[in-house]
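Attaching a single structure in structure tokens format; questions to follow.
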Amino acid sequence: MNKFLIAAVFIAAGSYYFASKPKHLSANEIDSQCDVVMFTTRWCGYCKKAREFFATEFAEQPERVCERDIESSDAHKALFDDLGGRGVPLIIIGNEKVSGYSLDAYQQALKTIEL
């Protein structure tokens, strides 16, 4: 009986772990037109800085950068949560996920996509 109980606990814990594990999606899987997807809010100062950085990097092709305000759309907030988002900005660059504001991390991830 104890072995059955222990096995049930491990199965339940494993199911929870795999069900709650964040998704890994590329920017193109989120939106086929985008190489960069930014999850932001309007009031976030670091989001503003990230917007400015990507506006400069993609000045010739601004449509390649897509923004998702997590406070204006339940669908955007749900995807942000599914991706393991804890704070904004959360930025998907190609296949790379960058949490927070980090020019170094953005530039490293941009090397993986064709500008």
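Here the structure is a predicted model, which is why all the values come from computation and not from measurement.
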Worksheet item: With the 4.5 Å side-chain cut-off for hydrophobic clustering, are Met38 and Phe53 part of the same group?
Response: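 Cluster IDs for Met38 and Phe53 match.
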Fill in: Side-chain heavy-atom pair Arg68, Asp31 within 4.5 angstrom cut-off
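Yes - at least one pair of side-chain heavy atoms lies under 4.5 Å apart.
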Worksheet item: Is it the case that Glu67 and Thr40 place a side-chain donor and acceptor less than 3.5 Å from each other?
Response: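 Thr40 and Glu67 do have a side-chain donor-acceptor pair below 3.5 Å.
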Worksheet entry | Hydrophobic cluster membership, Trp43 vs Ile91, 4.5 Å side-chain cutoff |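 No, Trp43 does not connect to Ile91 through the hydrophobic network.
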Practice prompt. Test side-chain contact (heavy atoms from CB on, under 4.5 Å) on Leu83 and Ile30 and set out the steps.
Written response: CA-CA 11 Å; Leu83 291 167; Ile30 295 169; 4.1 Å; yes
Worksheet item: Between CG of Asp69 and NZ of Lys77, what distance do you get to the nearest 0.5 Å?
Response: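 One finds 11.5 Å between CG of Asp69 and NZ of Lys77.
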Worksheet entry | CZ-CD distance between Phe39 and Glu71, expressed to the nearest 0.5 angstrom |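 So the gap between those two atoms works out to 14.0 Å.
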Worksheet item: Going hydrophobic residue to hydrophobic residue with side-chain gaps under 4.5 angstrom, can you get from Ile113 over to Leu90?
Response: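 Looking at the clustering, Leu90 is in a separate group from Ile113.
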Worksheet item: Linking I/L/V/M/F/W/Y whenever any side-chain heavy atoms sit under 4.5 Å apart, do Leu110 and Tyr101 land together?
Response: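 Same cluster: Leu110 reaches Tyr101 through Ile, Leu, Val, Met, Phe, Trp or Tyr contacts under 4.5 Å.
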Worksheet item: Under the ring pair (Phe, Tyr, Trp, His ring centres under 6.0 Å) criterion, do Tyr106 and Phe54 qualify, and how do the steps go?
Response: CA-CA 9 Å; Tyr106 299 162; Phe54 287 105; 5.1 Å; yes
Worksheet item: Between atom CG of Asn95 and atom CG of Asp35, what is the distance when rounded to the nearest 0.5 Å?
Response: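 Result: 10.5 Å between the selected atoms.
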Fill in: Which atom of Pro89 lies closest to which atom of Cys47, heavy atoms considered
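Looks like N-SG, 3.8 Å.
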Practice prompt. For Glu29 and Ser26, indicate whether the former's side chain and the latter's backbone hold a donor-acceptor pair under 3.5 Å.
Written response: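 Yes, because the side chain of Glu29 sits within donor-acceptor range (under 3.5 Å) of the backbone of Ser26.
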Discussion item. Evaluate Thr41 against Ile70 for side-chain contact (heavy atoms from CB on, under 4.5 Å), listing each step before the verdict.
Written reply: CA-CA 6 Å; Thr41 62; Ile70 64 170; 3.8 Å; yes
Worksheet item: When rounded to the nearest 0.5 angstrom, what is the spacing between NZ in Lys111 and CD in Glu96?
Response: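 Spacing of NZ (Lys111) from CD (Glu96) equals 12.0 Å.
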Item to complete: Grab the two heavy atoms, one from Ala59 and one from Pro62, that are nearest each other, plus how far apart they are.
Response: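 Closest approach of Ala59 to Pro62, heavy atoms only: O-CD, 3.7 Å.
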Fill in: Cys34 SG to Phe58 CZ distance, which is reported to the nearest 0.5 Å
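Rounded to the nearest 0.5 Å, the SG-CZ separation comes to 10.0 Å.
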Worksheet item: Counting only N and O atoms by type, is there a donor-acceptor contact under 3.5 Å from the side chain of Thr56 to the main-chain atoms of Glu52?
Response: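 Between the backbone of Glu52 and the side chain of Thr56 there is a qualifying donor-acceptor contact (under 3.5 Å).
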Discussion item. Is there a continuous path of hydrophobic side-chain contacts, each under 4.5 Å between heavy atoms, that joins Val88 to Tyr46?
Written reply: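 No.
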Worksheet item: CD of Glu63: more than 12 outside heavy atoms within 6.0 angstrom?
Response: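 Correct, the count exceeds 12.
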Item to complete: Working to the nearest 0.5 Å, report the span between CD1 of Ile92 and CG of Leu79.
Response: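 One gets 8.0 Å once the value is rounded to the nearest 0.5 Å.
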